[in-house]
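Since the structure comes first, as structure tokens, the remarks are kept for the end.
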Amino acid sequence: LTDSEQIQATLDEVVTRWRYGYKGGLYEMEWGYLRDRYTFDDYLGFSTIGPLSADTMERMVVTGASIAPKESALVYVDVRFKGPTDVTTIAKDTHLFFYDAGRWIRPIAGARNLQLEYEQLQRTADSAAAEEAKLEGR
């Protein structure tokens, strides 16, 4: 799949789950540091997450993207809503996606700079553990 197709597939899955009241897909699109630090229940209590609702959203359709492969993408979408009277409306929106751990994510609550700090701490800890193992003769 192309990057745009991967992003569309991710949006399709997340929006479908979210429409049925399950925000697990949103949590899965957060940075690793956030998922390691906060449980899903904690996440649902965030002021940016708790009130989010997608009951009338049908789909987000990728209409264009400016992609830096395997890094980031500015994604243009048509958000399709179907109201209680079966009237469909479309709102145009833009989202910034990041390529992380082999997939495209669109964090809502997390921050990239905190993820970069987290990754640096992990590298430092891994290097220290490797050096310690080397000194111990393992």
Side-chain angles (χ1 to χ4, degrees):
L1 296 176
T2 67
D3 289 325
S4 289
E5 291 169 335
Q6 289 174 30
I7 292 167
Q8 182 65 66
T10 298
L11 284 172
D12 288 345
E13 179 183 343
V14 170
V15 168
T16 298
R17 293 165 70 189
W18 186 18
R19 252 188 30 241
Y20 290 103
Y22 182 62
K23 295 180 183 174
L26 298 176
Y27 181 71
E28 292 164 11
M29 288 207 318
E30 290 292 347
W31 294 110
Y33 84 88
L34 189 138
R35 291 189 321 271
D36 283 352
R37 184 171 179 188
Y38 299 101
T39 67
F40 178 58
D41 287 337
D42 293 336
Y43 181 75
L44 292 176
F46 290 1
S47 62
T48 53
I49 303 303
L52 291 178
S53 177
D55 59 339
T56 61
M57 184 189 310
E58 283 194 322
R59 190 166 187 226
M60 287 186 175
V61 178
V62 175
T63 59
S66 177
I67 298 173
K70 308 303 181 209
E71 183 185 305
S72 63
L74 188 58
V75 179
Y76 306 95
V77 296
D78 281 353
V79 184
R80 297 175 189 253
F81 298 94
K82 187 172 232 175
T85 60
D86 280 344
V87 174
T88 299
T89 58
I90 296 174
K92 298 203 175 289
D93 206 354
T94 306
H95 296 278
L96 184 58
F97 278 74
F98 296 94
Y99 195 78
D100 182 64
R103 64 196 179 97
W104 286 99
I105 63 171
R106 197 300 191 187
I108 295 173
R112 186 172 191 214
N113 66 315
L114 296 177
Q115 178 65 23
L116 294 174
E117 289 174 16
Y118 178 75
E119 290 171 3
Q120 181 58 44
L121 286 172
Q122 285 180 318
R123 284 190 295 275
T124 301
D126 290 347
S127 294
E131 187 63 30
E132 185 177 318
K134 184 179 171 184
L135 291 173
E136 292 176 358
R138 290 191 266 162

State whether the number of non-hydrogen atoms from other residues, nucleotides or ligands found under 6.0 Å of Arg103 atom CZ is greater than 12. yes

If I take atom OG1 from residue Thr89 and atom NZ from residue Lys82, how far apart are they, to the nearest 0.5 angstrom? 11.0 Å

Taking the side chain as every heavy atom from C-beta outward, state whether Met60 and His95 have any pair of such atoms under 4.5 Å apart. yes

Using modelled atom types and a 3.5 Å cut-off, is there a donor and acceptor pairing between side-chain atoms of Glu13 and backbone atoms of Gly25? no

Is it the case that one hydrophobic cluster holds both Ile108 and Leu96, taking links as side-chain heavy atoms less than 4.5 Å apart, direct or via other members? yes

So if you build clusters from Ile, Leu, Val, Met, Phe, Trp, Tyr with side-chain heavy-atom gaps below 4.5 Å, do Met57 and Val61 land together? no

Partners meeting ring pair (Phe, Tyr, Trp, His ring centres under 6.0 Å) with Tyr38 (sequence neighbours left out): Phe46

With sequence neighbours left out, what residues match Ser127 under side-chain hydrogen bond (donor to acceptor under 3.5 Å, both in side chains)? none

Set of residues satisfying side-chain contact (heavy atoms from CB on, under 4.5 Å) with respect to Ala111, sequence neighbours excluded: Tyr33, Asn113, Leu114

Report the residues that fulfil ring pair (Phe, Tyr, Trp, His ring centres under 6.0 Å) with Phe40, sequence neighbours left out, ordered by chain and then residue number. Tyr22, Tyr27

Nearest 0.5 Å please: distance from the CZ atom of Arg17 over to the NZ atom of Lys23. 13.5 Å

Who passes side-chain hydrogen bond (donor to acceptor under 3.5 Å, both in side chains) against Lys134, sequence neighbours left out? none

Is there a path of hydrophobic side-chain contacts, each under 4.5 Å between heavy atoms of I, L, V, M, F, W or Y residues, that connects Leu116 with Leu34? no

Side chains of Leu52 and Leu26 in contact at under 4.5 Å (non-hydrogen atoms): yes

Show every salt bridge (Lys or Arg N to Asp or Glu O under 4.0 Å) that has at least one partner inside residues 104-131, sequence neighbours left out. none

Test of understanding: with side-chain hydrogen bond (donor to acceptor under 3.5 Å, both in side chains), list the residues that count as partners of Tyr43, not counting sequence neighbours. Glu30

If a pair satisfies salt bridge (Lys or Arg N to Asp or Glu O under 4.0 Å) and one of its residues is in residues 65-79, list it, with sequence neighbours excluded. Asp3-Lys70, Asp78-Lys92

Gln120 and Thr124 side chains, donor-acceptor separation under 3.5 Å: yes

If a pair satisfies side-chain hydrogen bond (donor to acceptor under 3.5 Å, both in side chains) and one of its residues is in residues 50-60, list it, with sequence neighbours excluded. Asp12-Arg59, Ser53-Asp55

Trp18: side-chain hydrogen bond (donor to acceptor under 3.5 Å, both in side chains) partners, not counting sequence neighbours: none

For Ala73, side-chain contact (heavy atoms from CB on, under 4.5 Å) partners two or more places apart: Ile7, Ile67, Val75, Phe97, Trp104

Partners passing side-chain contact (heavy atoms from CB on, under 4.5 Å) against Ser66 (at least two apart in sequence or in another chain): Leu74

Are the side chain of Gln115 and the backbone N or O of Trp31 linked by a donor-acceptor pair below 3.5 Å? no

So do the side chains of Tyr99 and Ser72 get within less than 4.5 Å of each other, counting heavy atoms only? no

Atom of Gly32, atom of Asp100 and distance for their closest heavy-atom approach: N-OD2, 4.5 Å

Do Ile90 and Val79 have side chains that get closer than 4.5 Å, going by heavy atoms? no

